[in-house]
Amino acid sequence: MKKLIFATALAIGSLTAVNAQQDAAVAQASTDEATMTQAVDAQETVAQDFKEIKATELPKPVLEAVASDFEGATVSKAYKNAKGEYKVVVATADNKQKTLYATADGNWMKKKMKMSGKSRQ
């Protein structure tokens, strides 16, 4: 009888230890993934070299493009790089954020655009 109780306690203890190790491994994997995502985001920001500007400093064609292609959207943040390209973060009518890339004349840059939208040509 003592052996049965001891074996049961040993089995339960082993399962608890294994479960704790698995939880720690999952937590570590989540932390590693978050760190990697932050590093990639930081590299993209540096690579693109966009500087934040006021939304009111956006060229009129870019503002018109946002208004016509994303009805009801408002500009949350705006950025400009040395090439005269603009990164525009908009809040859409359905309360979602989208990041758009445009030239100074209001044309969307398909190669960098992170979501599908109408192309102005």
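By convention here, the first residue in the shown sequence is residue 1. Just so we're clear, the structure is a prediction, and the values are computed from it rather than from any experiment.
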request  = For residues Lys80 and Glu85, determine if any side-chain heavy atom of one lies less than 4.5 Å from a side-chain heavy atom of the other.
outcome  = no

message = Would you say that more than 12 heavy atoms from the other residues, nucleotides or ligands in this model lie under 6.0 Å from the CD of Glu57, or not?
response = yes

message = Which label fits Trp108 and Phe70: parallel for a plane angle under 30°, tilted from 30 to 60°, or perpendicular past 60°?
response = perpendicular

query = How close do Gly106 and Ala65 get, heavy atom to heavy atom, and via which atoms?
reply = O-CB, 3.5 Å

Distance (rounded to the nearest 0.5 Å) between Asn81 CG and Lys51 NZ = 10.5 Å

key: For Ser76, side-chain contact (heavy atoms from CB on, under 4.5 Å) partners two or more places apart   = Val89, Ala91, Gln97

ask   = Is there side-chain contact between Tyr101 and Phe50, with heavy atoms separated by less than 4.5 Å?
value = yes

ask   = Looking at residues at least two apart in the chain, or sitting in another chain, which of them share a side-chain contact (heavy atoms from CB on, under 4.5 Å) with Leu58?
value = Ile53, Val62, Leu63, Val75, Ala78, Tyr86, Val88

ask   = Do Leu100 and Lys87 pass the side chain to side chain contact (heavy atoms under 4.5 Å, CB included) test, and can you show the C-alpha distance, the side-chain angles, and the key distance before you say yes or no?
value = CA-CA 6 Å; Leu100 311 168; Lys87 175 180 172 182; over 6 Å; no

query = Listed by chain and number, what are the side-chain contact (heavy atoms from CB on, under 4.5 Å) partners of Lys60, not counting sequence neighbours?
reply = Glu64

task = Name all residues meeting the side-chain hydrogen bond (donor to acceptor under 3.5 Å, both in side chains) criterion together with Asp94; count only those two or more places apart in sequence or in a different chain, and write none if there are none.
result = Thr92

